[in-house]
Each structure stands twice: as structure tokens, then as C-alpha cells.
Amino acid sequence: ACTYCVNEEVGIKKQETRNKTEGLKWLELGELILKLNQFLKLETVRLTGGEPTLYHDLVPLIKYLKANEIPAVKITTNGFLLKNLISKLQKEDLHSINVSLDALDEDIFFRISKRRSVSRIIEGIDAALEKDIPVKLNAVIIKGVNENQILPLLEFAATKKVAIRFLELMNMGHIHDADQKAIFTEDEILNVIKAKYDITSLPRKPGATANYWQTSSGQVFGIIANESSPFCGDCNRLRLDSYGNIYGCLSSNEPIAIADSALGQKELREKLQNALAQKQAIKFKGSKLSMLEIGG
Ligand code: SAM
């Protein structure tokens, strides 16, 4: 429930939806993903949220997807319950883990995440690395809040030998109209890093969300610059929520329901096309939904 994603209103709305409608059971969700896979030949299924480690049946869902030939199953997590999750998984189960860590300083971390748990998150990262599961760090940088954490986070990533990505704030959910004031841009992030390190840019892979650089000391870092360097043009992602709705774009407020088991191949294909038509040609427009609702 980080502050840029959840305020009281979003939290209450989410709770009301949960009380009214139960999400899909893990096997229903797994089967729906395999149904989509028949059309899409998925490369990766990323389980995110909200917070995926709060989903009771995450372990069977991960194992089911892996057993049914999804090439890479990955998760994005706040890391709070990661150590416990890792104890139930093997290297073969998870291709990689993105851990969100916006600050190393406990007070700044608390200001953003409303929790005091940096050391607990680091224990989760260590547990994954001990099992040889690759980890990447994500840090959203907010002007006036955590830009002084860029170098400590970069250097922390270097000590753990993991890549790190810094994210520009996206205009979603309750910060929809206020993000411009808080955005710390790609150039500003680069300036902070260049003040201490020489850097060289690395080639961008098609469909990638981040631009990557390497410091003179060999540390790789990326920037997801949704505002200043948008990457919509070759976006190849499709989102599925836990109620069985798909979205072709993070900036779409329009869920497309596909969970109905009576849905034939032709109708499913049409719905997929409608979802893909939601994609933006150039730039993310922003969304009234927060990442908690649509899945980040
Ligand atoms: N709860 C998990 C986590 O903390 O990683 C998974 C979901 S979270 C929505 C995924 C990522 O989206 C996190 O790295 C989070 O910081 C980022 N995020 C959420 N809202 C954002 C926003 N408005 N702008 C940029 N990044 C955002």
C-alpha cells in the first residue's frame, strides 16, 4: 500500500470489490492463462499486483504454470513476505523476481511504504539469491522524497550483484493529476549518477520497458522513463486481473471480461483484439486506476 498507489479512498474501494466479488481460484486463473497461451504463445507470465505474496495459492499457481510449459514465470513483489515464499520454491520454479525497494533509509522507506522493514526485504533478497533465483530491484523516485536514495540504492545493488531499475512516477490512480510536480525525470536520475560515475548506455531490447546503462565500476542500471522516454511503440504486454479481466494497456480504465468458460475461440480472439486496440501508439495517457487495481 505505497503512498503513490494507495490512499484511503483506493483502499476502501478495493476492500468493497473484494467483499462483493471473489476473485478466481488459482486453478481457474491458471487455466485461463493457459487458454490465452494457446493464442499468444506467451514468453513470460509475471505475477504482480497489488501484492502477489498475499495471494494464498501463489505457490501452486507458480508450479502449475511452470509445469504447463509457460517458459518463464516471474513475480514482482514488495519483498515483505519473500523469505517465506522462497522457502517453498526452487530455482526451477521462478525465472526471476523483481523486488520493489524505494529507499534504504528506514524513515524515507516508511514515508513511502508505511512500513519499517528494509532489513526484512533484504533478507528476502538474500534468500532468493541463495537459491540462485535472479533478483532485480525497482525503485520509484519521487522528487523531494527519495532522490537522495539513488546512489545508496545503486551501490546496494552492486554489493548484491543485481541489476536495479529506477522508475519515473506514473500518473495513475489518486496521483493522476498531481504526478507532474513529483516526477523525478530520467535526465535528473542520470545527472545524480553521473556526478559520481562515468556511465555508458547499453542497447535497448525490443519490447523492453527500461533503458539501460552501465557504470564505470560495472554496475548495470535501468530507468523506466514512462514520461520522458515512453516505450509504448513496441509494448507487447497484456494484463489479466484476478477476476478474469484483460487490459491491453496500463492507461486503460476498461476491463474486458474473459473468464466465462462458455466463451468460444472466436469470441476470445475478438476480446483479445479489443484489448490490444487499447494500446497507445506513442505515449501512456495515464489512468484513473492505480497499479493496485490494474496490476503493476
Ligand atoms: N506490490 C508489488 C510491489 O511492490 O512490487 C507488485 C505491484 S507494484 C504496483 C509494482 C511496481 O509498480 C512497484 O515497483 C511499484 O513501486 C510500482 N508503482 C506503483 N505505482 C506506481 C506509479 N504511480 N508510478 C510508478 N511506479 C509505480
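Both ligands and their constituent atoms are indexed starting at 1 by order of listing. Counting begins at 1 with the first residue of the sequence.
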Original post:
Under a 4.5 Å cut-off applied to non-hydrogen side-chain atoms, are Lys25 and Asp57 in contact?
Top reply: no
Could you pull out the N/O contacts under 3.5 angstrom between ligand 1 and the surrounding protein atoms?
from     : atom 1 : to     : atom 2 : distance (Å)
ligand 1 : 1 (N)  : Gly50  : O      : 2.6
ligand 1 : 1 (N)  : Glu51  : OE1    : 2.8
ligand 1 : 4 (O)  : Ser100 : OG     : 3.4
ligand 1 : 5 (O)  : Thr77  : O      : 3.4
ligand 1 : 5 (O)  : Ser100 : OG     : 2.5
ligand 1 : 14 (O) : Ser100 : OG     : 2.8
ligand 1 : 16 (O) : Tyr4   : OH     : 2.7
ligand 1 : 23 (N) : Met170 : O      : 3.0
ligand 1 : 24 (N) : Met170 : N      : 2.8

Original post:
If we only count heavy atoms from C-beta on, is the Val140 to Glu168 side-chain gap below 4.5 Å?
Top reply: no
Original post:
For the residue pair Arg165 and Ala210, what are the closest heavy atoms and their distance?
Top reply: CG-CB, 4.1 Å
**OP:** Give a yes or no on whether the backbone of Val118 and the side-chain of Glu106 come within a donor-acceptor separation of less than 3.5 Å.
**Re:** yes
Subject >> Single-linkage hydrophobic cluster, 4.5 Å side-chain cutoff, Leu276 and Val45 together >> reply: yes
Original post:
After noting the C-alpha distance and the side-chain angles of Lys88 and Asp93, does the key distance pass the salt bridge (Lys or Arg N to Asp or Glu O under 4.0 Å) rule?
Top reply: CA-CA 10 Å; Lys88 298 176 194 150; Asp93 296 324; over 6 Å; no
